[in-house]
*Asks:* 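First the structure, then my questions, so here it is.
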Amino acid sequence: MSDDNRPDNTTLANLLFEFADRLEAKDIEYKPAAYRRAAENVAEYPGSVAALAADGPEAVMEIDRVGEAIADKLVEYVETGSIEELEALRGELPVEMDALTAVEGVGPKTVATLYRELEVQTLADLERVARNGEIRDLRGFGQTSEQNILENIAFARQSDARELLGDTRPVADELLATMEAHDAVKACELAGSIRRWRPTVGDIDVLVATADAAAVVEAFVAEGDELIEAGESKASIRLDGVQADLRVVTPEEYGAALQYFTGSKEHNVQLRNYALERDVSLNEYGAFELTDADETGQRIAGDTEASMYEVLDLAWIPPELREGTGEIAAAEAGALPDLVRTDDIRGDLHVHTDWSDGTASIREMATAAAAFGHEYIAITDHADGPGVVGEMGLSAAELREQHTAVEAVDAELDIDLLTGVETNIAADGGVSMDDGVLAACDVVVASPHSGLSGDGTERLCTAIEHPAVDIIGHPSGRLLNQRSGIEFDPTVVGEAAAAAGTALEVNSNPLRLDLWGEAIKAAIDAGAEIVIDTDAHRPNSFEHIEYGVHTARRGWAEAADVRNTDGVESLRS
DNA sequence: GCCGTTTTCGGCCCGACTGTTTTCAGTCG
């Protein structure tokens with residue numbers, strides 16, 4: 001059933017990105033953009049693209065922006081392990097394209113020139129010719145470009161994956177607070193993928209409205225560990241190892257700029273085209289009427305972000321939805337979801353204590369949850385069994401003992417405590433704890449902890465259908481930037497969950513965020529309910545719920561889709 | 001190469017910044 005040799009979506013997407021770079025290096029127009037759009041959608045596709053490829057090119061063409069030519073290439077790669085046309089391009093320009101274009105300021109065309117003129121193939125080659133002063137003599141280059149390349153090679157070597165939202169957001173919030181406190185700043189917000197709550201982010205985008213751009217740029221640059229560039233209306237710095245980009249606009253342009261710089265790129269392209277069909281042109285400075293001659297006319301919106309949508313008769317679209325996956329059509333139809341909010345969450349159904357691998361006692365966790373504002377929590381320590389590290393898992397006897405301890409704390413505190421357990425989902429979908437104990441638990445979370453690769457659709461469905469299981473915890477088992485976890489068809493899993501009345505977890509741990517936007521949307525569309533949990537292992541983890549809630553919003557979740565927006569009595573019944 | 005309320009051809013987002021140039025190419029977001 002599962003096939004570990006099958007390429008994952010990231011691998012396939014990277015092939016298409018490389019294709020795009022190599023076509024661009026040859027000065028070919030339009031195709032590079034087409035390949036990049038396809039690559040982005042392959043990377044974001046919730047199921048296994050390689051599994052689609054096994055069914056032939058027609059199945060692959062289901063992916064938006066993937067047509068016949070690209071589908072054929074993906075099938076070719078899955079079947080043979082290479083793509084003839086890509087190999088030919090690699091032969092024409094035998095360079096390490098990814099490594100070289102990772103250098104800031106070096107793109108595909110520069111790579112082509114450096115290979116043609118100086119036979120640069122690797123990062124080491126690039127460093128050598130830069131040090132030797134060979135680049136400065138090339139047409140179109142100079143001493144400054146050569147020096148910049150040399151400096152940026154160091155960052156290219158250490159820059160790996162995108163940053164975790166959970167690591168970057170605190171840095172961004174602090175930077176934002178500093179800018180907000182500046183006298184010249186009239187308005188200030190984070191934009192980009194941070195504002196959309198993507199699980200990982202490439203950089204920090206800060207937008208400022210001011211009448212004194214020079215003062216704001218100067219203040220921003222002063223916050224950086226290092227200056228990348230600074231102009232009259234924008235600047236980039238490096239801060240705690242992350243790039244932060246500032247964009248400065250006038251107060252009148254602020255709404256248009258906020259819309260524009262929040263993205264996503266795909267959302268903006270779609271919105272721009274939607275506007276053009278209605279004779280309105282959008283850019284970061286405003287919305288403009290188009291005249292008969294297709295010339296830009298009267299400015300008709302842009303001071304607020306909402307005005308950019310209002311002018312198109314659309315409701316304001318929450319940033320989490322702006323991924324180009326149908327949100328504009330939903331806004332047009334007046335069918336945008338009423339997204340779940342953090343204060344809709346009434347309790348946490350996945351909490352660990354020092355009975356297994358948590359750091360705090362039942363009482364300490366319950367007290368912290370009550371202080372956070374929860375009405376209830378479920379104590380769900382690990383059951384012993386395969387996939388559970390060391391001796392920390394609880395036996396059936398220990399679980400029964402814990403239930404007594406939980407009930408004792410429940411009787412003393414105002415917050416309601418539910419008994420529970422987190423069991424492991426074995427490779428065959430079985431659950432490792434005897435049914436009698438599971439039946440005695442208020443809440444049974446079943447989660448995959450091992451065998452986290454290959455197609456797990458059947459495995460998850462088997463666990464979902466177990467009569468004692470209430471929640472599937474972190475369903476894929478992914479760890480961001482570390483492992484991709486098991487692959488599954490979220491629609492099939494969602495249908496099974498709906499039929500069995502088992503909820504699928506959105507795990508709020510910033511390292512997991514599992515399920516995630518696309519999979520949540522597919523599961524909810526299939527009729528499934530979700531729960532948003534923190535999987536807290538320490539008292540201060542409850543605040544992570546915010547990451548889970550915004551992730552659920554990326555999956556178009558409303559409060560009614562989320563089981564722990566209900567009170568404890570409704571849950572018990 | 002992809003796509004369609006211009007539907008099988010013709011168009012594809014666009015502006016800022018940099019470094020190189022005298023009017024622009026490449027990169028980036």
Side-chain angles (χ1 to χ4, degrees), chain A residues 16 19-42 57 60-61 63-74 85 100-114 135-149 151-152 191-194 201-207 213 217 227-236 243-249 253 256-257 259-286 288 294 296 324 329 332:
Chain A
L16 298 181
F19 227 117
D21 281 351
R22 291 184 177 279
L23 293 169
E24 186 153 17
K26 294 182 69 172
D27 248 333
I28 292 169
E29 283 190 296
Y30 302 115
K31 286 193 191 184
Y35 273 86
R36 290 196 181 104
R37 280 192 286 263
E40 279 157 19
N41 290 331
V42 165
V60 184
M61 285 169 70
I63 302 167
D64 191 31
R65 294 275 158 178
V66 174
E68 200 176 349
I70 290 179
D72 282 343
K73 290 183 176 72
L74 290 173
E85 233 179 291
L100 292 170
T101 54
V103 178
E104 173 96 22
V106 175
K109 295 188 180 183
T110 302
V111 169
T113 304
L114 291 171
I135 293 178
R136 67 184 71 171
D137 296 329
L138 300 181
R139 180 170 179 75
F141 296 80
Q143 205 165 347
T144 311
S145 326
E146 185 177 82
Q147 192 57 36
N148 286 341
I149 286 173
E151 284 172 13
N152 289 329
S193 49
I194 286 195
V201 300
D203 56 25
I204 297 169
D205 292 305
V206 181
L207 180 70
V217 168
L227 175 65
I228 296 172
E229 65 179 21
E232 289 176 12
S233 65
K234 59 189 257 191
S236 296
Q243 179 165 332
D245 297 332
L246 169 74
R247 194 60 196 231
V248 183
V249 297
E253 296 163 346
Q259 194 289 314
Y260 183 85
F261 289 109
T262 296
S264 66
K265 198 196 304 182
E266 190 56 38
H267 172 81
N268 284 354
V269 167
Q270 289 181 12
L271 190 67
R272 188 182 299 249
N273 288 336
Y274 184 87
L276 285 175
E277 287 163 13
R278 288 154 185 79
D279 294 323
V280 176
S281 169
L282 303 182
N283 60 32
E284 60 259 59
Y285 303 110
F288 301 86
D294 261 11
T296 302
E332 182 181 20

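Chain naming here is simple, since letters A, B, ... match the order of the sequence lines and numbering starts at 1 in each. Basis for what follows: all heavy atoms, side chains included, without hydrogens, waters or symmetry-related copies.
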*Asks:* If you pin Gly67(A) and Ser233(A) to their nearest nucleotides in DNA chain B, which one's is more 5'?
*Replies:*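 Its nucleotide being nearer the 5' end, the pick is Gly67(A).
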
*Asks:* Between the protein and nucleotides 7-13 of chain B, are there any N/O to N/O pairs under 3.5 Å, and if so, what are the atom names and distances?
*Replies:*
{"unit_1": "dC13(B)", "atom_1": "O2", "unit_2": "Arg272(A)", "atom_2": "NH2", "d": "3.4"}

*Asks:* Between P on dT21(B) and CD on Gln143(A), what's the gap in Å once rounded to a whole number?
*Replies:*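 Value for this atom pair: 13 Å.
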
*Asks:* Which of these nucleotides, dG19(B), dG15(B), dG1(B), is closest to any side-chain atom of Ala69(A)?
*Replies:*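 Closest nucleotide among those given: dG1(B).
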
*Asks:* Would you mind reading off the distance between Arg139(A) atom CZ and dG19(B) atom P, rounded to a whole angstrom?
*Replies:*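 Nearest whole value for this atom pair: 18 Å.
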
*Asks:* From CG of Asp72(A) over to C1' of dG1(B), roughly how many Å is that when rounded to an integer?
*Replies:*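 Atom-to-atom, Asp72(A) to dG1(B), this comes out as 12 Å.
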
*Asks:* Between dG1(B) atom C1' and Lys73(A) atom NZ, what is the distance in whole Å?
*Replies:*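 It works out to 8 Å between those atoms.
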
*Asks:* May I ask you to verify if any side-chain N or O of Lys234(A) is less than 4.0 angstrom from the OP1 or OP2 atom of dC17(B)?
*Replies:*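 Checking dC17(B) against Lys234(A), no side-chain N or O comes under 4.0 Å of OP1 or OP2.
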
*Asks:* Checking all strands, does Ala230(A) fall into the base, sugar-phosphate, or nothing category for heavy-atom contacts under 4.0 angstrom?
*Replies:*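 Contact class for Ala230(A): sugar-phosphate only.
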
*Asks:* For dT20(B), take OP1 and OP2 only and decide whether either is under 4.0 Å from a side-chain N or O of Thr144(A).
*Replies:*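 It does, given that an N or O in the side chain of Thr144(A) lies less than 4.0 Å from OP1 or OP2 of dT20(B).
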
*Asks:* Given side-chain contact (heavy atoms from CB on, under 4.5 Å), test Glu253(A) with Glu284(A) step by step and report yes or no.
*Replies:* CA-CA 7 Å; Glu253(A) 296 163 346; Glu284(A) 60 259 59; over 6 Å; no

*Asks:* Does Asn148(A) place a side-chain N or O at less than 4.0 Å from the phosphate oxygens OP1/OP2 of dG19(B)?
*Replies:*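 Answer is yes, contact under 4.0 Å.
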
*Asks:* Can you tell me how far P of dT5(B) sits from OH of Tyr274(A), to the nearest Å?
*Replies:*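 To the nearest whole Å, that distance equals 13 Å.
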
*Asks:* Out of curiosity, Ile149(A) CD1 to Glu151(A) CD, how far, rounded to the nearest 0.5 Å?
*Replies:*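 Taking CD1 in Ile149(A) and CD in Glu151(A), the distance rounds to 11.0 Å.
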
*Asks:* Expressed in whole Å, how much space separates the P atoms belonging to dG10(B) and dG19(B)?
*Replies:*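 These two P atoms come out 42 Å apart once rounded.
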
*Asks:* Scan every strand shown for a Watson-Crick or G-U wobble partner of dT8(B), both distances under 3.5 Å, and answer none if you come up empty.
*Replies:*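 The base-pairing partner of dT8(B), which may sit in any strand shown, does not exist here.
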
*Asks:* Nearest whole Å is fine: how far is dT27(B) C1' from Asp245(A) CG?
*Replies:*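 Distance check: Asp245(A) CG to dT27(B) C1' gives 13 Å.
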
*Asks:* Figure out the NZ/P separation between Lys31(A) and dC2(B), and round it to whole Å.
*Replies:*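 Going from NZ in Lys31(A) over to P in dC2(B) covers 9 Å.
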
*Asks:* Using a heavy-atom cut-off of under 4.0 Å over every strand shown, decide if Phe261(A) touches base, sugar-phosphate, or nothing.
*Replies:*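 No contact.
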
*Asks:* So, do Arg36(A) and Asp21(A) sit near enough that their side-chain heavy atoms are less than 4.5 Å apart?
*Replies:*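 Yes, side chains in contact.
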
*Asks:* Send over the distance from Ile70(A) CD1 to dG1(B) C1', rounded to a whole Å.
*Replies:*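 One finds 6 Å between C1' of dG1(B) and CD1 of Ile70(A), rounded.
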
*Asks:* Could you tell me how far dC12(B) sits from dG29(B) if I compare only their P atoms? Round to whole Å.
*Replies:*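 The same atom, P, in both gives a distance of 24 Å.
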
